[in-house]
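Presented below is the structure to which this report refers.
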Amino acid sequence: MTPQSLYMIESMTGYGFAEKTNGNTTFSAEIRSVNSRFSEINLKLPRVLSSREIEAKEIIRKQLLRGKISASLQITKTDGENIPLRLKSDTVRGYIHLLRDLKQASGIEEEIRLDHLLKFTDIFESDIGEEEEESLWHLGETVLEEAIKNLREMRRKEGIELGKDFETRIESINQTLLKIESLSKQTIEETREKIRQKVREILTDETKISRDRLELEVVLIADKMDITEECVRFRSHNKFFIEALRNAEPSGRKLNFLLQEQNREANTIASKSQNSEIAQLVVFLKEELEKIREQVQNIE
């Protein structure tokens, strides 16, 4: 079995948390990720740092290339001090006016409530200067980086377990291919002999047909049943699959491509074989490939 340290794949499922206190300000960051074909980031920031959304998403995107990611950053004042936000009174009055017009136009009788207004995020603005905001963001950025680091550690650990499972299944597939090749050679030879025997029974005057031509036809028929090339290509894909597990670069898409090629070879082997035992072994191959495919969907 390959040492665990050689598995470089990373799962897309993970969780990370970090917290740090500076004076009376405590920052906490929480980040979760699940599998997705693309990068989807849902981020919640404290209102005082809402202008830093693009920067925060870029930090996440650089380290987590794929996955559906939910992240939040929170500020807590340990001494009970208010969070530095200011209400934009003119904006609030403007929204109230719009909501009243909406009530009248739609005939809705429900009263305007506070929770209706809180859905408009621009009714608050930061009440801190640029220097203080920069200091807050520096702390928040540090905590976010730490949470991402913890999430990636969890994803790597799961990647190691997936890698061990993948290599075990690939080894089982390789052993099955050896059995299939052995059975195929035996079947081809048996088929050749059956064809020769059948021809001998049919022909009454062997002088009317060239023995060389007859042997050529037998060889051609046998060649159509030969699956040596498919097995060689299959093993080659298996080799590249294992190499991808040890590659530091994100390999989820490459693994998916290799699985498609492995399935293609399995289908060709099934279509060319004339042996029920080989057919059963091909079913096993496809079952193993499907189990791998399901797990590969969770690889970055």
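Treat the numbers as computed from the prediction; the structure is a model and nothing was measured. Numbering starts at 1 and runs along the sequence shown.
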Backbone N or O of [Y] within a donor-acceptor pair of the [X] side chain at under 3.5 Å?
{"X": "Gln297", "Y": "Arg293", "answer": "yes"}
{"X": "Ser182", "Y": "Leu178", "answer": "no"}
{"X": "Arg32", "Y": "Thr13", "answer": "no"}
{"X": "Ser251", "Y": "Asn247", "answer": "no"}

Will you find, in the side chains of [X] and [Y], an N or O donor that is under 3.5 Å from an N or O acceptor?
{"X": "Asn267", "Y": "Lys286", "result": "yes"}
{"X": "Gln262", "Y": "Asn238", "result": "yes"}
{"X": "Gln63", "Y": "Glu145", "result": "yes"}
{"X": "Thr26", "Y": "Thr21", "result": "yes"}
{"X": "Arg66", "Y": "Ser36", "result": "no"}

Whether [Y] and [X] form a salt bridge (side-chain N of Lys/Arg under 4.0 Å from carboxylate O of Asp/Glu) is what I want to check.
{"X": "Arg100", "Y": "Glu111", "answer": "no"}
{"X": "Glu53", "Y": "Lys57", "answer": "yes"}
{"X": "Glu288", "Y": "Arg169", "answer": "yes"}
{"X": "Arg155", "Y": "Glu158", "answer": "no"}

side-chain contact (heavy atoms from CB on, under 4.5 Å) between Leu259 and Phe241, intermediate numbers included: CA-CA 8 Å; Leu259 281 169; Phe241 192 98; 4.0 Å; yes
Is there a side-chain contact between [X] and [Y] in this structure, where contact means two heavy atoms from C-beta onward sitting under 4.5 Å apart?
{"X": "Leu45", "Y": "Leu43", "value": "yes"}
{"X": "Ile75", "Y": "Thr25", "value": "yes"}
{"X": "Leu245", "Y": "Ile242", "value": "yes"}
{"X": "Leu64", "Y": "Leu151", "value": "yes"}
{"X": "Ser70", "Y": "Ile31", "value": "no"}
{"X": "Leu177", "Y": "Leu285", "value": "yes"}
{"X": "Ile108", "Y": "Leu102", "value": "no"}
{"X": "Glu55", "Y": "Trp137", "value": "yes"}

Intermediate values then yes/no, side chain to side chain donor-acceptor pair (under 3.5 Å), Glu290 and Asn263: CA-CA 9 Å; Glu290 178 59 22; Asn263 266 297; 6.0 Å; no
How far does [atom1] of [X] sit from [atom2] of [Y], to the nearest 0.5 angstrom?
{"X": "Glu146", "Y": "Ser28", "atom1": "CD", "atom2": "OG", "value": "13.5 Å"}
{"X": "Ile41", "Y": "Ile60", "atom1": "CD1", "atom2": "CD1", "value": "5.0 Å"}
{"X": "Phe257", "Y": "Phe240", "atom1": "CZ", "atom2": "CZ", "value": "10.5 Å"}
{"X": "Thr168", "Y": "Ile292", "atom1": "OG1", "atom2": "CD1", "value": "10.0 Å"}
{"X": "Leu73", "Y": "Glu141", "atom1": "CG", "atom2": "CD", "value": "10.5 Å"}
{"X": "Glu277", "Y": "Gln186", "atom1": "CD", "atom2": "CD", "value": "8.5 Å"}

Which atom of [X] lies closest to which atom of [Y], heavy atoms considered:
{"X": "Ser33", "Y": "Ile69", "answer": "CB-CG1, 4.0 Å"}
{"X": "Val282", "Y": "Ala270", "answer": "CG1-CB, 3.8 Å"}
{"X": "Asn298", "Y": "Ser11", "answer": "ND2-OG, 2.8 Å"}

[X] and [Y]: same hydrophobic cluster, using ILVMFWY side-chain contacts below 4.5 Å?
{"X": "Leu49", "Y": "Ile59", "value": "yes"}
{"X": "Ile160", "Y": "Met12", "value": "no"}
{"X": "Leu98", "Y": "Ile112", "value": "yes"}
{"X": "Val232", "Y": "Phe234", "value": "no"}

side-chain contact (heavy atoms from CB on, under 4.5 Å) between Asn35 and Lys68, worked out: CA-CA 6 Å; Asn35 63 312; Lys68 187 174 183 180; over 6 Å; no
Salt bridge (Lys or Arg N to Asp or Glu O under 4.0 Å) partners of residues 227-238, not counting sequence neighbours, each pair once: Glu181-Arg235, Glu229-Arg233, Glu230-Arg233, Glu230-Lys272, Arg233-Glu265
Salt bridge (Lys or Arg N to Asp or Glu O under 4.0 Å) partners of residues 16-29, not counting sequence neighbours, each pair once: none
Arg52 vs Glu134, side-chain contact (heavy atoms from CB on, under 4.5 Å): CA-CA, chis, key distance, verdict: CA-CA 10 Å; Arg52 303 286 182 160; Glu134 185 66 32; 2.7 Å; yes
For Ser39, side-chain hydrogen bond (donor to acceptor under 3.5 Å, both in side chains) partners two or more places apart: none
More than 12 heavy atoms of other groups within 6.0 Å of Lys44 NZ: no
Under the ring pair (Phe, Tyr, Trp, His ring centres under 6.0 Å) test, residues paired with Phe27 that sit two or more places apart: none
Verdict with supporting geometry, Glu161 and Lys157, side-chain contact (heavy atoms from CB on, under 4.5 Å): CA-CA 7 Å; Glu161 294 305 313; Lys157 288 179 179 179; over 6 Å; no
ILVMFWY cluster membership beyond Met154 - transitive side-chain contacts under 4.5 angstrom: Tyr15, Phe17
Pairing residues for Arg156 by the salt bridge (charged side-chain N to carboxylate O under 4.0 Å, His left out) criterion, not counting sequence neighbours: Glu10, Glu153
